[in-house]
There are 4 protein chains.
Amino acid sequence: MTNDNKPGGRPRDETSAPAIKAAARRLVTEKGYENVSISEIVRVAGVARQTLYRRWSSKADLVLEAFFETAGEPPTLSGNAGLTARSVLEKFLADVFDSLAREGDAISSLIACAQSDPEFCETFKEKFVFPREQMVRQILNKACSERELPPSADIDTVTAMIHGAFWYRLLTNQPLDRPFAAALVSSVFPTRPT
Amino acid sequence: MTNDNKPGGRPRDETSAPAIKAAARRLVTEKGYENVSISEIVRVAGVARQTLYRRWSSKADLVLEAFFETAGEPPTLSGNAGLTARSVLEKFLADVFDSLAREGDAISSLIACAQSDPEFCETFKEKFVFPREQMVRQILNKACSERELPPSADIDTVTAMIHGAFWYRLLTNQPLDRPFAAALVSSVFPTRPT
Amino acid sequence: MTNDNKPGGRPRDETSAPAIKAAARRLVTEKGYENVSISEIVRVAGVARQTLYRRWSSKADLVLEAFFETAGEPPTLSGNAGLTARSVLEKFLADVFDSLAREGDAISSLIACAQSDPEFCETFKEKFVFPREQMVRQILNKACSERELPPSADIDTVTAMIHGAFWYRLLTNQPLDRPFAAALVSSVFPTRPT
Amino acid sequence: MTNDNKPGGRPRDETSAPAIKAAARRLVTEKGYENVSISEIVRVAGVARQTLYRRWSSKADLVLEAFFETAGEPPTLSGNAGLTARSVLEKFLADVFDSLAREGDAISSLIACAQSDPEFCETFKEKFVFPREQMVRQILNKACSERELPPSADIDTVTAMIHGAFWYRLLTNQPLDRPFAAALVSSVFPTRPT
DNA sequence: CCTTAAGCGAGACGGTACGTCCGGTCTTAGT
DNA sequence: ACTAAGACCGGACGTACCGTCTCGCTTAAGG
């Protein structure tokens, strides 16, 4: 969103944007997207109102950037060489749940905002949803090719079910903990006959 | 929500409440929860502002009642006597998807609202979420007891996965159609060896 | 400016308008028209901003009404029965000068404002300028008919000169005192040969 | 106002100041002092904002200089050798009225500005008011010494009345035309018995 | 030739005030 | 008691200017 045309004029204060984003992130995390006003963000950031509007055209724009600035490659898969896909998935989910436990409320309010702002929704999907979805899909594909899952498994649908399960719990304020991660994994991978 | 204390005074206009709910329902369906103001609802309903506040304490209360007035027993299971649990589930999901296709945007915005309003969230869960969840759970339990699913199946988790899957697709604007219903069902019920 | 259509609705708070006008009048007197902000007026009046805008559409409207609410019959001519027109004029001017000494700065800033706001200008003339001008004209007419002035005197022009003289002194911050009143009168009335 | 310290550095662009003054003068004439913003002046002048502030410390400074650059010796008295003071005065007033007819609105808005800016007021008086006042005074003095006016005439007061009369008409949007000039003169000079 | 010093267009900066909008409460008169 | 109407306070909104500041560049004059 930030436009940095090269030519003349005083350069933008490099500390302003981070300060604003930090303020936005903190306030949204503390109070939820809807309960944060532009005025409060600029006050906390110690910045003039126009300095915010010069960079972002709306609260949605700002908050999206504040939360998902870095293109979404959130947790990574590397270093899981010798593990089974099942255990990789379980660890991945546990990690995701941990991070949501920290800022789940903020994420909830972003999901909420996405419903009434199509542009926000698109960016949110691109920066947050799809990367995580892709992650699960990769793990499942690996599981499939290594025979942990039957070749007939419908990867897309199972991905939606896994991803959906924790959205569902997130949005209905039900616990997102390690036991749930384990239960999800168990439901996906066929039970081993003892 | 409506309080109908017995004693004296002019009785409430019986047409006001329905008019307000109809207006609310229509506007929310058309424009989404966040983009509808109280002022607009009362204007469309042709009613004084206070007439709304006398009956509901907030937009959330009103909209919840407008959408989920009847205690949630939405689709029913009766009349599915001879069918397999699998086909019952598929039909149930197809029906849910059909109804969401009609008013999915409104539901999305209600889910959104639930994120910033705990009370709304609670009512929404009670009136909308849990009944549907319970429905799925019942079908799966039946499937279990009739050996369509292995007895080891984790009904709670699978319920969350099914329910979550369509929330997820709903909130991310991905298609909710019959093929997806079929795919969900197929992923839950072990594939029949041909 | 205040519109008091008869029908329904909560009546306007009768104390608000006077409070706002009092605040406006006080602040303009203290600080000058240009240095008073709407925000300050409503803060001092202890009133919501919209409560001001509901009654007046601009600071100009408000201030005009605050200063010249009562149709302009400022000083009166009655009770000067037996006096010469000359002495009546001198007394009238002395009175005007006294009142300007009290709130001359405010008047100056109103004259100023009138220059950039034609509507303000019109109302200002009607409520402030013309009544005073008319006063002088009446006195001069009386003087004429009673032979204190030659019948050939151009009343309109002399009125403009008298009135103009104290505007001129007012706007250029030159003293407006009794000696000047006397000098004006002496210049208008032919010097009596000693 | 322009300071031209001797030493090094790039010399000021000689075209900037005239361009700025021209823009200021044009805009103030078109729209009135209050309705012209610094931003607009520099945009019209095709100049950077700082280039204006380097030369003038405020809009008031600039506009004063733009309008009254040449020390005030506006119309001159020379070449009126053989005429009566009365006709000289009439011609002087007619000239002043003509020039005001051209840019009266701008002058009005300057008078307005002078009310809220004491420094502006001082300069305005020095550059515009006093020279014209002095002019009238000289003519009247000459009239006095040549017996066109009685020696008892109060030159200062009459000057204020003349000058005030056209300020008054100027500020109240009443016509400033030759008949009024004639009427003023007639009221000052004792009517000649036919 | 190269430094120094200032002017230049451009535009960001922290502020202040604007006029509008809405939410939730209240106060009327009328039914 | 209830209605329709609408005023009330509070507070956020996005915009417009203000006067200052900083950038990279240009333009001389003087060493």
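So you know, we letter chains A, B, ... as the sequences are listed, proteins then strands, and number each from 1. Quick caveat, the model's predicted, so the values are computed rather than measured.
Comparing E/dG7, E/dC18, E/dA12 against the side chain of D/Arg12 picks out E/dG7 as the nearest.
Phosphate contact (OP1/OP2 of E/dG11, side-chain N/O of A/Arg55, threshold under 4.0 Å): absent. For F/dC13, one of the phosphate oxygens OP1 or OP2 lies less than 4.0 angstrom from a side-chain nitrogen or oxygen of A/Ser39.
The existence of a salt bridge linking B/Arg55 and B/Glu65 is excluded, since no basic side-chain nitrogen approaches an acidic carboxylate oxygen closer than 4.0 Å.
Rounded to whole angstrom, the span from the OH atom of B/Tyr53 across to the P atom of E/dC26 amounts to 12 Å. F/dG10 atom P lies 15 Å from atom CG of C/Leu52, rounded to whole Å. F/dC18 atom P lies 15 Å from atom CH2 of D/Trp56, rounded to whole Å. For the pair B/Ile38 CD1 and E/dC21 C1', the computed distance is 14 Å after rounding to whole Å. When rounded to the nearest whole Å, the span between CD of A/Glu34 and P of E/dG23 equals 13 Å. For the pair D/Arg54 CZ and E/dA6 P, the computed distance is 11 Å after rounding to whole Å. Counting to the nearest Å, the P atom of F/dA12 and the NZ atom of A/Lys59 are 11 Å from each other. Here the C1' atom of nucleotide F/dG10 and the CZ atom of C/Arg43 are 15 Å apart, to the nearest Å.
Using a 4.0 Å heavy-atom criterion, one finds that D/Ser16 contacts the sugar-phosphate atoms exclusively.
Heavy-atom minimum distance, A/Cys121 versus B/Leu171: SG-O, 4.2 Å.
The base of E/dG9 lies outside donor-acceptor range of the side chain of D/Arg49, with no N or O pair under 3.5 Å. On a pure distance criterion of 3.5 Å, no polar donor-acceptor pair joins the side chain of A/Gln50 and the base of E/dC13. For E/dC26, its base sits under 3.5 Å from the side chain of C/Arg10 at one donor and acceptor pair at least.
Side-chain atoms of A/Lys59 come within 3.5 Å of backbone N or O of A/Val36 as a donor-acceptor pair. Side-chain atoms of D/Lys127 do not come within 3.5 Å of backbone N or O of D/Phe67 as any donor-acceptor pair.
Looking at which nucleotide of DNA chain F each of D/Val36 and C/Gly46 is closest to, the 5′-most match is held by C/Gly46. When each of D/Thr51 and A/Thr51 is assigned the nucleotide of DNA chain E bearing its nearest heavy atom, the one mapping closer to the 5' terminus is D/Thr51.
The aromatic rings of D/Tyr33 and D/Phe120 lie perpendicular to each other, with more than 60° between the two planes, well past the 30° mark.
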